[in-house]
Structure formats: C-alpha cells, structure tokens
Amino acid sequence: MILRRYMSLLGIGAAKIDLRLDKTHFQSGECVTGFFHIKGGTIEQQLKRIECDLVMRNELEEKEEVIETFTIYTTQMIESEAHNKLDFRLTLPLNLTPSSASVTYRFKTRMIFDEGVKSEDQDRIYIK
C-alpha cells in the first residue's frame with residue numbers, strides 16, 4: 001500500500017481525466033457541452049480542483065493565448081479504480097478567429113490533487 005501511494009505521487013497509477021465533448025466543430029458564440037471522465041488510479045486520491053482552459057495557438061506569431069477558463073473547486077475523493085463523470089458546459093466567445101492551418105484551438109484540462117502529480121488532457125476543437 002505504501003509503495004502504491006508513493007508511485008501515485010510520482011504519477012504512476014494516479015487518477016486520470018479525459019474531457020469528452022459532444023462534438024468538435026463549433027461556431028463563435030456556440031455552447032460546448034460534454035463531460036469530464038475521471039478514472040481512479042491504484043489508490044484513492046483527494047481531488048482539489050479541475051481546470052480547463054480554451055487556448056488559441058497562432059503558428060504564424062508563435063503565440064498561445066488563453067481565451068476562456070473553466071474551474072471546478074471540489075473536495076471529492078477519487079476512489080481507487082472508480083469511474084466518475086462531471087458535466088461540462090462552456091459558451092464560446094463571439095468573434096473567434098476561424099480555425100486554419102495557422103490558428104488552432106484546444107481545451108487543456110488539468111486535474112489537481114492535494115498530493116501527487118496532476119493529470120492532464122488536451123482536446124482539439126475547430127471553429128468555423
């Protein structure tokens with residue numbers, strides 16, 4: 001048990017998060033819906049918060065910009081090997097630059113624990 005605890009502190013066998021969106025193509029101002037799928041690791045872990053940033057990457061300017069941030073504060077315990085689901089809903093800002101070869105968008109999701117390595121996920125979306 002102690003070995004599994006230390007391994008999870010290093011990220012081995014830690015809980016994982018995956019943002020699952022209902023679709024991936026959107027218009028500016030549209031509502032993005034889906035859910036966070038949380039899978040428990042080898043031991044239970046105390047969840048502190050979930051952070052999800054909508055990030056625009058401009059390859060021509062070699063710049064990344066956070067457009068919107070979605071945060072859930074919680075004290076939920078993630079049980080070992082459990083599967084949890086939290087709803088996700090975010091309205092996109094108006095007047096987003098459409099996706100292209102040089103402009104891309106993605107959601108960067110982080111799950112932060114009281115102890116241990118954070119779990120991260122990235123999901124690309126397309127703006128028409």
Side-chain angles (χ1 to χ4, degrees):
M1 180 66 172
I2 293 174
L3 178 60
R4 288 194 306 192
R5 178 173 167 74
Y6 285 114
M7 288 177 67
S8 73
L9 290 175
L10 297 172
I12 301 167
K16 302 287 184 207
I17 191 163
D18 181 24
L19 175 59
R20 297 185 181 173
L21 301 173
D22 294 332
K23 63 181 190 171
T24 57
H25 290 72
F26 302 93
Q27 306 244 0
S28 291
E30 192 173 346
C31 185
V32 179
T33 58
F35 64 92
F36 297 106
H37 176 249
I38 301 168
K39 182 181 184 299
T42 55
I43 65 165
E44 67 180 23
Q45 290 179 280
Q46 180 76 46
L47 181 59
K48 192 173 182 179
R49 70 183 177 274
I50 296 171
E51 299 170 344
C52 186
D53 297 330
L54 173 60
V55 178
M56 180 185 74
R57 171 93 179 141
N58 186 320
E59 297 294 335
L60 296 177
E61 298 176 14
E62 296 182 5
K63 177 174 99 170
E64 217 173 67
E65 178 184 352
V66 175
I67 306 294
E68 291 285 328
T69 299
F70 180 91
T71 304
I72 299 172
Y73 294 97
T74 183
T75 57
Q76 180 179 355
M77 184 65 74
I78 306 299
E79 299 295 327
S80 172
E81 303 299 326
H83 291 267
N84 297 305
K85 185 175 161 180
L86 291 170
D87 289 334
F88 174 80
R89 179 182 209 85
L90 178 90
T91 301
L92 295 172
L94 297 171
N95 302 322
L96 289 176
T97 303
S99 297
S100 65
S102 60
V103 176
T104 60
Y105 294 89
R106 70 187 69 244
F107 284 106
K108 290 187 174 183
T109 306
R110 294 168 306 284
M111 187 165 57
I112 315 296
F113 304 100
D114 276 346
E115 295 181 333
V117 176
K118 63 185 173 188
S119 173
E120 298 179 325
D121 177 48
Q122 291 193 35
D123 298 275
R124 190 167 178 177
I125 64 167
Y126 302 89
I127 305 298
K128 301 176 196 175

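Computed from a predicted structure; not experimentally measured.
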Flag side-chain contact, heavy atom, 4.5 Å: Glu64 against Lys108: yes
Lys39 and Glu81 ion-paired at < 4.0 Å: yes
Co-membership, hydrophobic cluster, residues Leu92 and Val103, 4.5 Å side-chain: yes
Verdict with reasoning, Met56 to Ile127, per side chain to side chain contact (heavy atoms under 4.5 Å, CB included): CA-CA 10 Å; Met56 180 185 74; Ile127 305 298; over 6 Å; no
Working for side chain to side chain contact (heavy atoms under 4.5 Å, CB included), residues Met77 and Glu79: CA-CA 6 Å; Met77 184 65 74; Glu79 299 295 327; 3.6 Å; yes
Pairs involving residues 93-106, ordered by first then second residue, that meet side-chain hydrogen bond (donor to acceptor under 3.5 Å, both in side chains) (sequence neighbours left out): Ser100-Ser102
Approximate separation, where rounding is to 0.5 Å, of Leu47 CG and Phe113 CZ: 6.0 Å
Backbone of Thr42 reached by a side-chain donor or acceptor of Ser80 within 3.5 Å: yes
Co-membership, hydrophobic cluster, residues Ile112 and Ile17, 4.5 Å side-chain: no
Backbone N/O of Leu90 and side chain of Glu68: donor-acceptor pair under 3.5 Å: no
Side-chain donor/acceptor of Gln45 to backbone N/O of Gly40, under 3.5 Å: no
Reported CG-to-OG1 distance for the pair Asp123 and Thr24, which is rounded to 0.5 angstrom: 10.0 Å
Pairwise distance CE(Met111) to NZ(Lys16) - rounded to 0.5 angstrom: 8.5 Å
Test log, rule salt bridge (charged side-chain N to carboxylate O under 4.0 Å, His left out), inputs Lys128 and Glu30: CA-CA 11 Å; Lys128 301 176 196 175; Glu30 192 173 346; over 6 Å; no
Cluster check Ile72, Leu21: I/L/V/M/F/W/Y, side chain < 4.5 angstrom: yes
Closest approach of Ala15 to Ser119 (non-hydrogen atoms, all atoms of both residues): O-CB, 3.4 Å
Hphob cluster co-occupancy, Phe35 + Ile50, side-chain heavy atoms under 4.5 angstrom: no
Heavy-atom check, side chain of Thr75 versus side chain of Asp114, under 4.5 Å: no
Partner residues of Tyr126 under the ring-ring contact (aromatic ring centres under 6.0 Å, His included) criterion, sequence neighbours left out: His25
Aromatic ring proximity, centroids under 6.0 angstrom, Phe107 and Phe88: yes
Derivation of the salt bridge (charged side-chain N to carboxylate O under 4.0 Å, His left out) call for Arg89 and Asp87: CA-CA 7 Å; Arg89 179 182 209 85; Asp87 289 334; over 6 Å; no
Cluster link Phe70 to Val55, ILVMFWY, side chain under 4.5 Å: no
For the student: nearest non-hydrogen atoms of Gly34 and Asp22, plus distance: N-OD2, 3.7 Å
Asp121 side chain vs Thr109 backbone, donor-acceptor pair below 3.5 Å: no
Distance in Å, Lys118 NZ paired with Arg110 CZ, rounded so as to fall on 0.5 Å steps: 6.0 Å
From CG (Leu54) to CD1 (Ile67), nearest 0.5 Å: 6.0 Å
